[in-house]
Amino acid sequence: MKKQTAIIIPARYGSSRLEGKPLLKAGGKYIIQWVWEKAVKCKDIDRVIVATDDERIFDACKGFGAEVEMTSAEHKSGSDRIAEVAKRHSKIAYIINVQGDEPLIEPENIELVRQGVVEDNTADISTLVREITDETEVNNPNLVKCIFDVNNFAMYFSRSKIPYERNTGKSKFYGHLGIYGYKKEALFKMTSLPQTTYEMAESLEQLRALQNGMKIKIAIVKNIPVGIDTIEDFNKFKAMVDE
């Protein structure tokens, strides 16, 4: 049986900062449609599935031709939502979690995530980082920082500035981009484990994987896909595509 690779896009209606954002329209398309169209352009991907807990999102996705599945409304994270979908599909062996609020994500970036988890037998999970050059960003707790070893495996993620620079100018800083690739067994393991101390302290789910000895492969990219978290983010994107 051929092992399939699937992109699963979690999309929920409720959001504390911008409710209903998957169904906001810019350039004549829903935000979730922008993301889906980027995902289906990726090579070496067998299927793209939107995972949602809302019938409005379900119907909209069906309307523009996406494969979409309903999930429980009780999930606390996107990882739990995509795990529910993955359990229904025995042929899927690798899952790429593309956030439903990143309409500027590039297919090339998704491909790097796929390579990290599919082509490296030692990786449980894969993700992306980009170099930070702005000191304001380095100190911004909303931008998660990552340090990794010489083999490009994550050592730690933090909202704090890491590493601490005792000797200024001796280190580069990298910001984490919220896209993940999983071997299916690793996804099931991570979502079944209890929250860990570091995860609860930093409110970063990936630290649960690290603290339990799982290996996260890192790839470095130059472009910065901007997520839509607030109405200001949406207005910027809308102005960009409505020109």
Side-chain angles (χ1 to χ4, degrees), residues 3-12 45 49 51 71-72 74-89 92-102 105 109-130 132 141-163 173-221 225 227:
K3 293 182 177 180
Q4 291 187 348
T5 300
I7 294 173
I8 303 180
I9 307 170
R12 65 189 183 96
I45 298 294
I49 306 170
T71 62
S72 169
E74 303 303 315
H75 293 310
K76 294 180 180 179
S77 71
S79 300
D80 293 326
R81 196 173 307 285
I82 67 172
E84 179 186 336
V85 172
K87 286 175 182 175
R88 301 171 185 163
H89 300 278
I92 294 176
Y94 306 99
I95 299 103
I96 313 300
N97 179 356
V98 175
Q99 298 300 315
D101 59 2
E102 291 199 354
I105 189 74
N109 286 3
I110 301 173
E111 170 59 16
L112 284 174
V113 175
R114 186 202 68 81
Q115 290 174 4
V117 74
V118 173
E119 298 179 8
D120 190 327
N121 292 330
T122 65
D124 298 299
I125 301 169
S126 61
T127 193
L128 302 177
V129 299
R130 50 95 172 176
I132 304 171
N142 294 317
L143 176 59
V144 176
K145 273 67 69 176
C146 177
I147 53 174
F148 45 92
D149 65 20
V150 295
N151 296 310
N152 279 33
F153 282 100
M155 297 168 66
Y156 195 69
F157 296 85
S158 182
R159 297 184 182 279
S160 298
K161 179 180 179 180
I162 54 171
F173 297 92
Y174 292 90
H176 181 226
L177 305 181
I179 177 174
Y180 294 97
Y182 298 93
K183 288 182 171 66
K184 183 158 73 170
E185 297 77 11
L187 173 63
F188 292 167
K189 177 181 177 180
M190 192 189 80
T191 53
S192 67
L193 289 167
Q195 286 188 306
T196 60
T197 53
Y198 295 150
E199 176 189 4
M200 289 188 285
E202 299 245 24
S203 193
L204 296 175
E205 188 182 30
Q206 64 268 41
L207 293 177
R208 186 190 316 175
L210 284 186
Q211 203 166 349
N212 281 283
M214 300 173 76
K215 302 191 73 174
I216 303 178
K217 187 77 173 186
I218 299 294
I220 303 169
V221 298

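We use all heavy atoms of the structure for the numbers below, so side chains are in, but hydrogens, waters and symmetry mates are not.
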Q) Would you find a donor on one side and an acceptor on the other, under 3.5 Å apart, between the side chain of T5 and the backbone of Y94? A) no

Which pair of heavy atoms, one from [X] and one from [Y], lies closest together, and at what distance?
X	Y	result
V117	D124	CG2-O, 3.6 Å
L143	G175	CD1-CA, 4.2 Å
E205	S77	OE2-OG, 3.0 Å
I220	F148	CD1-CZ, 3.9 Å
V129	C146	CG1-CB, 3.9 Å
F188	A83	CE2-O, 3.7 Å

Q: Go through the side-chain N and O atoms of Y156 and E202 and say whether any donor and acceptor fall under 3.5 Å apart.
A: yes

Q. Among side-chain atoms of Y182 and S79, is any donor-acceptor pair under 3.5 angstrom?
A. yes

Q.
Counting neighbours of CD on E74 that are heavy atoms of other residues, nucleotides or ligands and sit closer than 6.0 Å, is the number greater than 12?
A. no

Taking atom [atom1] of [X] and atom [atom2] of [Y], what is their separation to the nearest 0.5 Å?
X	Y	atom1	atom2	result
M190	N212	CE	CG	10.0 Å
L177	E102	CG	CD	7.0 Å
R114	I45	CZ	CD1	6.5 Å
E199	R208	CD	CZ	4.0 Å
K76	T191	NZ	OG1	13.0 Å
F157	I216	CZ	CD1	4.5 Å

Q | Within-4.5 Å side-chain heavy-atom neighbours: V144 and Q206 | A | yes

Q. Are T122 and F153 side-chain neighbours, meaning at least one heavy-atom pair lies under 4.5 Å?
A. yes

Q: Determine, step by step, whether K215 and D120 satisfy the side chain to side chain contact (heavy atoms under 4.5 Å, CB included) criterion, reporting the C-alpha distance in whole Å, the side-chain angles of both residues, the deciding distance to 0.1 Å, and the verdict.
A: CA-CA 11 Å; K215 302 191 73 174; D120 190 327; over 6 Å; no

Q: Cation-pi check, K145 to F173: give yes when NZ or CZ is under 6.0 Å from the six-membered ring centre and within 45° of the ring axis, no otherwise.
A: no

Q) Just one of I82, N97, T71 clears the side-chain contact (heavy atoms from CB on, under 4.5 Å) bar with I8, so which one? A) I82

Q: Report the C-alpha distance between T127 and V113 in whole Å, list the side-chain angles of each, state the deciding distance to 0.1 Å, and finish with yes or no for side chain to side chain contact (heavy atoms under 4.5 Å, CB included).
A: CA-CA 6 Å; T127 193; V113 175; 5.9 Å; no

Q: Mind jotting down which residue pairs meet the salt bridge (charged side-chain N to carboxylate O under 4.0 Å, His left out) criterion with at least one end in residues 178-193? Sequence neighbours excluded, please.
A: none

Q. So, R81 and E84, do they make that salt bridge, N to O below 4.0 Å?
A. no

Q | side chain to side chain contact (heavy atoms under 4.5 Å, CB included) assessment of K217 paired with Q115 | A | CA-CA 10 Å; K217 187 77 173 186; Q115 290 174 4; over 6 Å; no

Q: Would you check, one step at a time, whether the test side chain to side chain contact (heavy atoms under 4.5 Å, CB included) holds for I110 with I96?
A: CA-CA 8 Å; I110 301 173; I96 313 300; 4.0 Å; yes

